[in-house]
Amino acid sequence: AHAGKYLEGLAAFLCHLPAPVEQWLRERNLHTEAYSVAGDEFIVMVRSATQPIDKQTLDAFAVEVQKALALDTRLASFISFDDPVFIMEYDEWTDEDRAAHKRDPASLQERLRLSRSKLPERFTPSVSSGSATFLEALREALSPDTEEAHTLEELGVKPLRLMIARADTHLKEDKRIFREQEFMVGKSDNFF
């Protein structure tokens, strides 16, 4: 239920971006459209009527969205780190430990408190991101190094799928970098 509410909140967030992100977009003459692809995946199309958009701009947009997500108290409220079941799961309590806690919660209150202290003060909303321009995706798909040979006609009718596939290839590396940066949040005043 919490995950469902979080995803609903995330969809609303992406459809109605916070003012600082909207300002960032306006300064660059960009606008966005958000789409749901699967139950837990979203695509945000970034468009411009005045200039081509490069990958660096898309990546910078992703950083702006990450910053705004991290500060969003509404999304943070959907996940609580004070639920004993979550705390035990996070700290890898055994089934025997959980049963003992269920029988006599007071006897394991100190251990539960210590387990809770290993978690952050609050949930910080975040998403994994990957970005791709249409030309980058097309170039990759037409590359002689790809497993399947395609014609431009075959690829041109599916530009959105091309960009999703290319963005997915960036996702793993972008996720690793974000997690390293997220880990540094507690050790620095700078988010990025």
Side-chain angles (χ1 to χ4, degrees), residues 1-18 20-21 32 34-44 55 58-132 147 161 163-192:
H2 291 289
K5 291 288 187 192
Y6 178 76
L7 290 172
E8 287 176 17
L10 182 58
F13 176 95
L14 294 172
C15 288
H16 307 285
L17 293 166
V21 179
T32 63
Y35 301 91
S36 173
V37 176
D40 64 348
E41 293 183 21
F42 302 94
I43 294 174
V44 178
K55 184 159 176 9
L58 294 175
D59 291 341
F61 170 70
V63 168
E64 292 301 312
V65 170
Q66 291 286 12
K67 287 182 198 176
L69 278 168
L71 298 173
D72 193 290
T73 55
R74 182 173 176 267
L75 284 174
S77 70
F78 292 128
I79 309 295
S80 171
F81 288 155
D82 294 326
D83 178 7
V85 174
F86 180 83
I87 294 169
M88 290 178 212
E89 180 71 26
Y90 177 83
D91 204 24
E92 299 178 356
W93 285 35
T94 66
D95 289 339
E96 293 80 25
D97 294 336
R98 293 170 205 234
H101 182 269
K102 190 173 184 176
R103 283 190 308 274
D104 185 13
S107 68
L108 290 171
Q109 196 61 32
E110 180 60 20
R111 178 169 177 204
L112 190 65
R113 189 190 65 71
L114 288 172
S115 291
R116 171 60 180 96
S117 71
K118 295 176 184 178
L119 288 162
E121 286 300 311
R122 72 173 187 94
F123 170 68
T124 303
S126 67
V127 294
S128 300
S129 65
S131 64
E147 292 180 20
R161 287 190 181 150
M163 291 189 307
I164 292 170
R166 188 66 188 145
D168 281 347
T169 63
H170 292 296
L171 181 65
K172 187 174 184 180
E173 179 62 13
D174 291 348
K175 185 186 287 189
R176 182 191 63 75
I177 292 167
F178 177 73
R179 285 195 173 144
E180 287 174 2
Q181 292 171 341
E182 185 178 37
F183 177 73
M184 296 307 292
V185 169
K187 302 193 184 298
S188 168
D189 291 335
N190 299 323
F191 184 73
F192 285 92

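Quick caveat: nothing in here was measured; it's all calculated off a predicted structure.
- F81 and F86 have parallel rings, their planes meeting at less than 30° on a 0 to 90° scale where 60° marks the start of perpendicular.
- Put simply, CD on E41 and CG on L7 are 10.5 Å apart, with the number rounded to the nearest 0.5 Å.
- For the atom pair CD (E89) and CZ (R98), the distance works out to 5.0 Å, reported to the nearest 0.5 Å.
- With values rounded to the nearest 0.5 angstrom, L119 atom CG is found 6.5 Å from I87 atom CD1.
- The shortest heavy-atom contact between G9 and R74 is CA-NH1, 3.6 Å.
- Of all heavy-atom pairs spanning F42 and S36, the tightest one is CD2-CA, 4.0 Å.
- Panel note: side chain D91, backbone W93; no donor-acceptor pair is recorded below 3.5 Å.
- Between V44 and T32, the shortest heavy-atom contact is CG1-CB, 3.7 Å.
- Closest heavy-atom contact between S128 and Q66: N-NE2, 4.4 Å.
- With sequence neighbours excluded, the residues that form a side chain to side chain contact (heavy atoms under 4.5 Å, CB included) with E110 are R113, L114.
- When side chains are defined from C-beta on, F13 counts as touching P18, because their heavy atoms get closer than 4.5 Å.
- The distance from atom CD of E121 to atom CG of D82, rounded to the nearest 0.5 Å, is 9.0 Å.
- K55 places a side-chain heavy atom less than 4.5 Å from the side chain of S131.
- One finds the CD atom of E92 at 11.5 Å from the CG atom of D97 (value rounded to the nearest 0.5 Å).
- Distance check: M88 CE to T94 OG1 gives 10.5 Å after rounding to the nearest 0.5 Å.
- Minimum interatomic distance between V21 and L17 (heavy atoms only, all atoms of both residues): CG1-CD1, 3.9 Å.
- Side-chain N or O atoms of D72 include none that pairs as donor or acceptor with a backbone N or O of L69 at under 3.5 Å.
- In terms of heavy-atom proximity, L75 sits nearest to P125 at CB-CG, 3.6 Å.
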